[in-house]
Structure formats: C-alpha cells, structure tokens
*Asks:* 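Let me begin by handing over the structure; questions about it come next.
Just the heavy atoms: all of them, side chains too, but no hydrogens, waters or symmetry mates, feed the values below.
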Amino acid sequence: MKLTTLTIVVPCYNEAEVLPTSAATLRQILQNMIDIKQVSQKSKILFVNDGSRDKTWSLIQQLERDNALFTGLKFSRNFGHQNALMAGMKVAGKYSDCVITIDADLQDDENLIPKMIASYQEGNEVVLGVRNDRSSDSHFKRWTAEAFYGLMGKMGVQLVPDHADFRLLGRRAIDVLMEYQETNLFLRGIVPQLGFNTEKLYYQRKPRLAGETKYPLKKMLSFAFDGITSFSIAPVKAIMSLGILVIGISLIMVIYAIVRFFTGNVISGWTSLMTSLWFLGGIQLVGISVIGEYIGKIYAEVKHRPRYIIEQDDYTPTQQTAQLNEMVGAS
C-alpha cells in the first residue's frame, strides 16, 4: 500500500525566538509518523519565510543542513500570512498527497497532526482544527471574536467559528483552492466553500512560546474588514439603508419646519442646522470610504500582479531528487 506523503507548511515572519523549539517539536512528530509508517519518508516540514527581518531564514537554512526533514521557501519581501500559506500549499501540493498548515508559534495543538492524517486516510479531504474554548484569551478578544463570527454569519459568509489556519487539505482540495485567483485572500472563508468530505477536530489552544503576536488589535481589525469586504457587499447595502433612513428623517424635519412656520413659532435654528450638516457630512464620508474600499480591492484585482515572489525554493529540488531515486529504485 502506498504511504501518504505529507508536507507540514509553517509560515514564518520574524519567528527566530520560537523557531528552534517549534522545529524540534514538529520534527519529532513527523519522524514518529514516518517510523510507524503512517506517512512516507518523502514527507517534509516546509518553512515559508515571509520577508522576516530577523534571523529566521538563516535558522531555516541551518535546520535544513541538520536534518533532511526540513526545507525552506523564501519570499523576496513580506507578502503576508495568507500568501505564505498559499505559496507553501501550491509548491508542496505538486509532490504531496496532503498538506497541513500550522503557525510557527505552535499555539495550535501539534499533537493533533497524526489524527488529521488518520482522518484523511479515512476519506476526509479537508480536516479542520477547531478550538474547543477561548479560556486562554482575554475577555476583550473573546468578545470581539464572537462579534466577528456573528457578524460574518449574518452577512451570509460561511465560516467555521474558532477555526483559524490550522487545517489539512488533500491534493484535490488544494488543486481546487489554487483556482481561486483573488488577490485579497481570506482562506477561512474560501476553504468552507470547497466542499469535499470535511471533519472537525477540536483542541485547546496554548499560550505563545515566545515573541510577540503577529496579530495585534489593528491588524486583527484590518483582517476582519478584509474578510467582510472579500465575501459580502452588505456594508454597501447598509449605507443605502442608512441613506433612506436619513431621507425619512429629513422629510419629518421638513414637515416639522413647515408646521412651525405657519404657527408663527419660528426659532433661529443655527445649532440644529450645523448638527444636521455635520451628521450628513459624516455619513457621506463613511459611505465614500466604504465604497472606496471596494473600488480599491477591484483596482488591486484587475492589475493581476503576482501574490508573492519566491526568491529561493529549497523544497522542490529535494522532492524532485526523491522522485528520481524512487523511479531508479523501481526500475
């Protein structure tokens, strides 16, 4: 029976503090799976260096020299977490039966990886790692996460609550995923659209080993807004509804002003006039900003620029060599 070839894709951005520990942990897990023949010896751990400014890439190269299980992919500059995931899956998908993506800080439970492979071997093309609680998060982060998933659900966007980017995708799912060509990637929204047999595996998220989170509040808000605008035009419709509401209020104010005029109770309305002007001006600016965001995304999409640029690929040659050796051995 042909063994499953697995590649674990790990996006890295300034992860020098956690990489040695994370790499050792993942190597032990993958080696154990190889030893018990759960996956093939061609399986790899692929670190995608997303334009790190610290020693991340030099550490990845040292790991490659120390152990053949490690390989690396280097971007020419920082292109973002989602693009790092896409690049790793695209490169690895050519040679792997399945790919597992996991963040370098290993807050996701790496011990779930063998269970993900078992689920894939049972026929599930997509296996999602889902948090079973948010007790390790602050109250504010729990509240914002719940609000985000609730808002996305009301907008008709299919999301799996408490699932981030810890997942397994089989080769068929990866091939379909690569057909999504948009520049503004939101994989948490795209993956549920793929279909295929899917299983959820639950785990408890751990504290970060070291270093700083790559998703501070500002970046989280930007990521959430990207997700909303990538999958829904509800904000534009909300502006239209708000405009209709303002028109209704304006008509009421006109009727009120006419009544006051004919009853002779005309009062100087400087304050109410200025308040109305500021209110309407604010609504117009918000409306223009939201519509401008969509126009900006259209502008980014129609340019068809590459989502990322790979400066160095250490993964492909190792797999090509392994394929060649396999063919020679078979002959």
Side-chain angles (χ1 to χ4, degrees), residues 3-13 15 18-50 56-57 59-64 66-75 81-121 124-130 163-171 173-174 177 187 191 199 201 203 205-206 209 310 313-319 322:
L3 294 178
T4 301
T5 299
L6 164 68
T7 297
I8 302 173
V9 173
V10 187
C12 302
Y13 178 65
E15 300 289 1
V18 302
L19 198 58
T21 302
S22 299
T25 302
L26 291 174
R27 179 195 61 77
Q28 185 63 52
I29 289 173
L30 184 58
Q31 188 61 60
N32 289 342
M33 295 168 68
I34 292 173
D35 291 342
I36 64 174
K37 299 188 184 303
Q38 187 178 15
V39 297
S40 77
Q41 293 183 344
K42 294 187 296 181
S43 299
K44 299 288 183 182
I45 299 168
L46 173 58
F47 296 105
V48 183
N49 182 41
D50 183 24
T56 296
W57 180 243
L59 285 173
I60 292 172
Q61 290 183 305
Q62 182 60 51
L63 289 169
E64 292 181 55
D66 293 343
N67 193 298
L69 291 179
F70 296 119
T71 57
L73 200 68
K74 182 184 180 185
F75 281 176
H81 181 266
Q82 300 290 281
N83 285 318
L85 291 173
M86 287 293 284
M89 287 187 287
K90 184 174 182 178
V91 171
K94 299 175 184 177
Y95 303 96
S96 305
D97 297 310
C98 60
V99 170
I100 290 177
T101 57
I102 187 170
D103 289 342
D105 55 20
L106 291 191
Q107 286 187 273
D108 300 314
D109 187 2
E110 68 281 354
N111 295 308
L112 209 63
I113 291 175
K115 295 180 181 178
M116 286 181 160
I117 292 297
S119 178
Y120 167 76
Q121 291 170 340
N124 294 302
E125 191 73 12
V126 179
V127 185
L128 306 177
V130 182
H163 164 67
D165 292 300
F166 182 32
R167 65 177 71 91
L168 176 148
L169 295 179
R171 182 176 292 175
I174 294 172
L177 178 61
L187 291 174
V191 170
E199 183 179 9
L201 297 180
Y203 68 97
R205 191 170 172 86
K206 299 175 293 185
L209 290 174
I310 297 175
D313 177 5
D314 295 342
Y315 175 88
T316 301
T318 61
Q319 294 293 46

*Asks:* Testing the basics here: between Val99 and Ala92, what is the closest heavy-atom pair and its distance to 0.1 Å?
*Replies:*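 Closest heavy-atom pair between Val99 and Ala92: CG2-CB, 3.9 Å.
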*Asks:* Are the side chains of Val10 and Leu19 in touch, meaning some heavy atoms are under 4.5 Å apart?
*Replies:*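 They are not in side-chain contact.
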*Asks:* So, Tyr13 side chain and Ala84 main chain: donor-acceptor pair closer than 3.5 Å or not?
*Replies:*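 Flag not set: sc Tyr13 to bb Ala84 has no pair under 3.5 Å.
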*Asks:* What's the spacing between Leu187 CG and His163 NE2 if we round to 0.5 Å?
*Replies:*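 Those atoms lie 9.0 Å apart.
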*Asks:* Is the shortest heavy-atom distance from the side chain of Val127 to the side chain of Leu112 under 4.5 Å?
*Replies:*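 Side-chain contact under 4.5 Å: no.
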*Asks:* If you take all heavy atoms of Glu64 and Gly72, which pair is closest and at what distance?
*Replies:*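 Shortest heavy-atom contact: OE2-N, 3.5 Å.
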*Asks:* Working to the nearest 0.5 angstrom, can you tell me the gap between Tyr203 OH and Asn111 CG?
*Replies:*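 Rounded to the nearest 0.5 Å, the OH-CG separation comes out at 12.5 Å.
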*Asks:* Checking side-chain contact (heavy atoms from CB on, under 4.5 Å) for the pair Ile8/Ile29: CA distance, chi angles, key distance, verdict?
*Replies:* CA-CA 11 Å; Ile8 302 173; Ile29 289 173; 5.6 Å; no
*Asks:* Hey, could you give me the CE/CD1 distance between Met86 and Ile174, rounded to the nearest 0.5 Å?
*Replies:*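 Output value for this atom pair is 10.0 Å.
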*Asks:* Among all residues two or more places apart in sequence or in another chain, which pass the side chain to side chain contact (heavy atoms under 4.5 Å, CB included) test with Gln28?
*Replies:*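 Side chain to side chain contact (heavy atoms under 4.5 Å, CB included) list for Gln28, sorted by chain: Asn32.
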*Asks:* Tell me, with the steps shown, if Leu106 and Leu26 meet side-chain contact (heavy atoms from CB on, under 4.5 Å).
*Replies:* CA-CA 9 Å; Leu106 291 191; Leu26 291 174; 4.1 Å; yes
*Asks:* Using a 4.5 Å cut-off on heavy atoms from C-beta on, say whether the side chain of Arg27 contacts that of Phe70.
*Replies:*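 In short, these two side chains touch, coming nearer than 4.5 Å.
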*Asks:* Without hydrogens or angle criteria, can the side chains of Asn124 and Ser119 be said to hold a donor-acceptor pair below 3.5 Å?
*Replies:*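 Yes.
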*Asks:* Taking Gln38's backbone N and O only, do any of them form a donor-acceptor pair with Gln121's side chain (distance below 3.5 Å, no angle check)?
*Replies:*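 Judged by distance alone, yes, a pair lies under 3.5 Å.
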*Asks:* Can you tell if the side chain of Pro11 reaches within under 4.5 Å of the side chain of Thr101, non-hydrogen atoms only?
*Replies:*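 No. Closest side-chain heavy atoms not under 4.5 Å.
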*Asks:* Do you know which two heavy atoms are closest between Tyr120 and Gly170, and how far apart they sit?
*Replies:*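 Taking Tyr120 first and Gly170 second, the nearest heavy atoms are CE1-CA, 3.9 Å.
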*Asks:* Carefully, step by step, assess Arg205 and Asp108 under the rule salt bridge (Lys or Arg N to Asp or Glu O under 4.0 Å).
*Replies:* CA-CA 5 Å; Arg205 191 170 172 86; Asp108 300 314; 2.8 Å; yes
*Asks:* Measuring from atom OG1 of Thr56 to atom CG of Asp50, what distance do you get when rounded to the nearest 0.5 angstrom?
*Replies:*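 With rounding to 0.5 Å, OG1 (Thr56) is 10.0 Å from CG (Asp50).
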*Asks:* Find the distance between OG1 (Thr25) and CG (Leu30) and round it off to the nearest 0.5 Å.
*Replies:*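 So the gap between those two atoms works out to 12.5 Å.
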*Asks:* Decide yes or no for Asp165 and Gln82: does some side-chain heavy atom of the first lie under 4.5 Å from some side-chain heavy atom of the second?
*Replies:*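 Yes - at least one pair of side-chain heavy atoms lies under 4.5 Å apart.
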*Asks:* Please answer whether the main-chain N or O of Asp314 pairs with a side-chain N or O of Thr71 as donor and acceptor at a distance below 3.5 Å.
*Replies:*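 No; zero donor-acceptor contacts below 3.5 Å.
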*Asks:* Hey, does the side chain of Asp105 reach the backbone of Gln107 with a donor-acceptor pair shorter than 3.5 angstrom?
*Replies:*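 The answer is yes, because a donor-acceptor pair under 3.5 Å joins these two groups.
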*Asks:* Which side-chain N or O atoms in residues 41-49 pair as donor and acceptor under 3.5 Å with protein atoms at least two apart or in another chain?
*Replies:*
from: Lys42; atom 1: NZ; to: Glu326; atom 2: OE1; distance (Å): 3.3
from: Ser43; atom 1: OG; to: Leu6; atom 2: N; distance (Å): 3.0
from: Ser43; atom 1: OG; to: Leu6; atom 2: O; distance (Å): 3.4
from: Ser43; atom 1: OG; to: Ser40; atom 2: O; distance (Å): 2.9
from: Lys44; atom 1: NZ; to: Ala68; atom 2: O; distance (Å): 2.7
from: Asn49; atom 1: OD1; to: Ser52; atom 2: N; distance (Å): 3.4
from: Asn49; atom 1: OD1; to: Ser52; atom 2: OG; distance (Å): 2.7

*Asks:* Start with the C-alpha gap between Ile100 and Ile117, add the side-chain angles, then the distance that decides, and say whether side-chain contact (heavy atoms from CB on, under 4.5 Å) holds.
*Replies:* CA-CA 9 Å; Ile100 290 177; Ile117 292 297; 4.2 Å; yes
*Asks:* Are Leu128 and Val191 side-chain neighbours, meaning at least one heavy-atom pair lies under 4.5 Å?
*Replies:*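 They are in contact (side-chain heavy atoms under 4.5 Å apart), so the answer is yes.
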*Asks:* Would a 4.5 Å heavy-atom cut-off, applied to side chains only, mark Asp103 and His81 as touching?
*Replies:*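 Yes. Closest side-chain heavy atoms under 4.5 Å.
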*Asks:* Salt bridge or not for Asp35 and Lys37, using N-O below 4.0 Å?
*Replies:*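 Judged by the 4.0 Å cut-off on N to carboxylate O distance, Asp35 and Lys37 do not form a salt bridge.
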*Asks:* Going from CD on Gln319 to OG on Ser96, what distance comes out if it is rounded to the nearest 0.5 angstrom?
*Replies:*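 Answer for the CD-OG pair, Gln319 versus Ser96, is 6.0 Å.
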*Asks:* Using modelled atom types and a 3.5 Å cut-off, is there a donor and acceptor pairing between side-chain atoms of Glu125 and backbone atoms of Arg171?
*Replies:*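 Between the backbone of Arg171 and the side chain of Glu125 there is a qualifying donor-acceptor contact (under 3.5 Å).
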